[in-house]
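Here's the structure we're looking at; comments come further down.
These numbers come from the heavy atoms of this one structure, side chains and all, not from hydrogens, waters or symmetry mates.
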Amino acid sequence: MSGHHPDAAAQQSPACTEPKRINVAISPDTVRALDNVIKREGVTLTEALRRLVGYGDFVYRAARQNGEQLTVAGPGGIREIVIL
């Protein structure tokens, strides 16, 4: 064997649209975050997970890959979010 993972090509291909089933252990904080989205938005666990991962991916790309600064604007004004 060459050490090549059989799913490596499928994982790297942006054209792959097949859902991937995973089994993971998550922290109590992550459970609370998922429950919060489920209760506030009336969505399934799967949809809550998709949304939170999507938000996290957006923040990660902006801050880590693009070096952008993120801000949050609300009734109290604008505040900068620093990701370490």
Side-chain angles (χ1 to χ4, degrees):
M1 287 212 139
S2 65
H4 175 72
H5 190 278
D7 291 326
Q11 290 172 356
Q12 293 173 1
S13 171
C16 182
T17 58
E18 292 277 327
K20 191 121 186 144
R21 191 169 295 273
I22 60 172
N23 230 353
V24 296
I26 57 176
S27 71
D29 287 339
T30 303
V31 172
R32 281 190 287 279
L34 288 164
D35 284 342
N36 186 38
V37 173
I38 291 167
K39 288 174 186 165
R40 286 178 176 263
E41 308 215 9
V43 296
T44 64
L45 172 62
T46 300
E47 181 59 24
L49 181 61
R50 284 185 188 126
R51 290 180 186 193
L52 289 177
V53 169
Y55 301 152
D57 183 52
F58 173 80
V59 169
Y60 179 84
R61 287 181 200 224
R64 296 293 178 148
Q65 290 182 341
N66 301 337
E68 298 171 340
Q69 292 181 332
L70 301 168
T71 57
V72 174
I78 297 176
R79 59 190 167 117
E80 184 176 328
I81 302 298
V82 178
I83 298 180
L84 303 175

List the atom pairs, donor and acceptor, that lie under 3.5 Å between side-chain atoms in residues 55-62 and the rest of the protein, sequence neighbours left out.
residue	atom	partner	partner atom	Å
Asp57	OD1	Arg61	NE	3.2
Asp57	OD2	Arg61	NE	2.9
Asp57	OD2	Arg61	NH2	3.2

List for me each residue that meets salt bridge (charged side-chain N to carboxylate O under 4.0 Å, His left out) alongside Arg40, sequence neighbours excluded, and say none if there are none.
->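 Salt bridge (charged side-chain N to carboxylate O under 4.0 Å, His left out) check on Arg40 returns nothing, list empty.
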
With hydrophobic residues grouped by side-chain heavy-atom distances under 4.5 Å, do Ile78 and Val72 end up in a single group?
->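 Cluster IDs for Ile78 and Val72 differ.
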
Using distance only, find each side-chain donor-acceptor pair of residues 47-54 under 3.5 Å and give its atom names and separation, not counting sequence neighbours.
residue	atom	partner	partner atom	Å
Glu47	OE2	Arg51	NE	2.9
Arg51	NH1	Glu41	OE1	2.2

Measure across Val31 and Ile26 and return the closest heavy-atom pair with its distance rounded to 0.1 Å.
->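 Looking at all heavy atoms of both residues, the closest pair is CG2-CD1, 3.6 Å.
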
For residues Leu45 and Ile38, report the shortest heavy-atom separation together with the two atoms involved.
->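 Scanning both residues completely, I find the closest heavy atoms to be CA-CD1, 3.8 Å.
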
Asp35 and Arg32 ion-paired at < 4.0 Å =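 Salt bridge between Asp35 and Arg32, a charged N being under 4.0 Å from a carboxylate O: no.
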
